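Reviewing the structure listed below.
For ligands, and for the atoms within them, numbers begin at 1 and follow the listed sequence. Keep in mind that this is a model prediction, so the values were computed, not measured.
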Amino acid sequence: MCGIVGYVGHGRALDVLIGGLKRLEYRGYDSAGYSLQTDHSLTVKKCMGRVADLENMDPGPAACATTGIAHTRWATHGEPSTINAHPHSDSTGRISLVHNGIIENYKSLRKKLLKKGISFDSDTDTEVLAKLVGSEVEKGKDLFTAVKDALAQVRGAYGIAVLSADQPSTLVAARYGSPLVVGVGQGENIVASDVAAIVSHTRNVIYLEEGEIVEITAGAISSSASDPKMSRDRIQHVDWDLAEIEKDGFDHYMLKEIYSQPESLRNAIRGRLDMEHGTAHLGGLDLTAEDMQSIRRIVITACGTSWHSGLIGKYVIENLSRVPVDVEYASEFRYRDPVLEDGTVMLVISQSGETADTLAALRLAKKRGIKTFGIVNVVGSTIARETDAGVYIHAGPEIGVASTKAFTSQTMILSLIALALGRAKGNLTRKEGQSICRDIMAIPDKVESILAGSEAIRDISRQFTYANNFLYLGRGVNYPVALEGALKLKEISYIHAEGYPAAEMKHGPIALIDDLMPVAVVAVKDAAYEKVISNIQEVKARRGRVLAIATEGDREIENLADWVLEIPSVDDMLVPILSVIPLQLLSYYVAVARNCDVDKPRNLAKSVTVE
Ligand code: AGP
């Protein structure tokens, strides 16, 4: 999942490109490059490593260029190297192309071009597209037409920007499957993989549609879509402020995002709780009480951390509304020919709104006539635009690759949906609904009190700096929290960790336990407490070392666990939003102690836009 940027205007293109790449670096950061257009020639610079390394390269006379394209990479085809870095060129070197996505039929296209005597320098799928565009230009076509005709031969996903030495001050960009947005400025235009690279220049953006190709100059944008002249009513205003995408004095975006959860949770709740009727209103879902009553089954689909919040959603929705819920890994769901009967609706959860597998699962459900509702963070993202209706979680930009505030806000939105459905289905009385509303309102302050105790979490985390393995256990609605805790530690500290339903431990993982195996257990005072205590005793009996996430004031567990991290008490169904916070901080502090790059962990990227 790479990041691409293109600029055409009157300013120094290089400044806009490098600035934009830095904002997109969370999408991929193993190599980078740019191509600048001056006096009918292109200057291409590429390097292994970070955008900062590219910034240190000398652009020479092209430093004053006002048109250019750039790329930061997450390798899919061809290992990270300077040769495989983007931009890639055509055979003449007069066409440059940057690409986010995968050209699935690149091997057959490559064979065809090789037969025409065209040679290749890299192992990438993208170079094939650059060579293909070049071969179309050689037929005398202008860049827009050449790109259009080349893309007609391509199968796969792409967000591309293309530059020609022979068409001054002109960019051609196109998207299919990968996101692309155009920033409309005064006498300048920018194209990028997401608005983060654009908002410091303009807040007026146009999200490109699937299959759309645009030609961009400093003063105009013309499109292959229905209205070639890109009427102004396609422009959307982005209301992010730049501070939201700065670190605000925190060492890492991840820590900043962990600490912003009280605020992001307030944003997720704001205007959606109806204390008087003891219910919740999620206008974006556009569901009447009758609609909700007609729901007979819910299928939740997502990937990674979003899947974990979906699993919590299952427990909470079934508990509060008695509507059966299935939680599907999107990558499995899309190829499994799922059974989707009438009365089924789909909830699609995604922070980025661009995850390819989740998008494909959504499209499959739509093709089967299933109503789809999105729970998304990034405004204007593809999943947000393609679901029938949906709810923005309003967590603000999440830049750290390891998702934190999006997870708790997704879980909050699922709890609000469960409450509304429980009331609409008559499974919850108004009084019960009001009590849940009160508990929900109290959550952000309770998160604040947990964050206030982060010093203790940092001290305890030092014990695990050199751990090689870690087990996470939880029961019921806290089992997905164990999964999420394990995922966070894996993602950013590279320690092998597994999450398990606590009772499942006896059926295998208990074999792993010895005095070198730390075991984190979510052991709050809920209906499963006694059972969890016996699971902890089973671990202790094998000399395992236990870190317990416990309810404030629980003295019993202090005699059992090696370390105890307390959280305030709250309704059982809302505990996951609190119990995950100490696990987020634990993984953060362990990763920092191991000198890991917390915001840009190896081999990962923030939004997985290819299959
Ligand atoms: C979580 O920390 C990871 N970044 C990853 O598992 C992520 O949750 C997954 O790729 C889904 O992303 P999405 O929510 O943007 O669809």
Do R462 and Y589 form a cation-pi contact, if we require the NZ or CZ to be under 6.0 Å from the six-membered ring centre and within 45 degrees of the ring's axis? no
Among protein heavy atoms, which lies nearest atom 10 (O) of ligand 1, and at what distance? V608 CG2, 3.9 Å
Over 12 foreign heavy atoms within 6.0 Å of OH, Y494: yes
For H71, which residues count as a ring pair (Phe, Tyr, Trp, His ring centres under 6.0 Å) partner, sequence neighbours excluded? H86
Go through ligand 1 atom by atom and flag the ones less than 4.0 Å from a non-hydrogen atom of S306. 8 (O), 13 (P), 14 (O)
Counting from 1, what ligand 1 atoms have a heavy atom of E491 closer than 4.0 Å? 1 (C), 2 (O), 3 (C), 4 (N)
For atom 12 (O) of ligand 1, which of V348, L604, T355 has the closest heavy atom? T355
How far is atom 9 (C) of ligand 1 from its nearest protein heavy atom, and which residue and atom is that? C303 O, 3.8 Å
Does the ring of Y253 carry K247 above it, NZ/CZ under 6.0 angstrom from centre and within 45° of its axis? yes
Do the side chains of R266 and D445 get close enough for a salt bridge, i.e. N-O under 4.0 angstrom? yes
Can you run down the salt bridge (charged side-chain N to carboxylate O under 4.0 Å, His left out) pairs that involve residues 310-319, sequence neighbours left out, and say none if there aren't any? K314-E318
Nearest to atom 7 (C) of ligand 1, what protein heavy atom do you find, and at what distance? T305 N, 4.1 Å
Assess whether atom OH of Y392 is packed by more than 12 heavy atoms of other residues, nucleotides or ligands within 6.0 Å. yes
Is the CD atom of E104 crowded by more than 12 outside heavy atoms at less than 6.0 Å? yes
Tell me, which protein residue and heavy-atom name are nearest atom 4 (N) of ligand 1, and how many Å apart are they? V401 O, 2.8 Å
Which ligand 1 atoms, with their elements, are less than 4.0 angstrom from a heavy-atom of S352? 13 (P), 15 (O), 16 (O)
For A402, atoms of ligand 1 separated by under 4.0 Å from a heavy atom: 2 (O)
Can S607 be said to touch ligand 1, with heavy atoms closer than 4.0 Å? no
Enumerated ligand 1 atoms positioned under 4.0 Å from heavy atoms of S403: 1 (C), 2 (O)
Any K488 heavy atom less than 4.0 Å from ligand 1: yes
For Q351, atoms of ligand 1 separated by under 4.0 Å from a heavy atom: 13 (P), 14 (O), 15 (O), 16 (O)
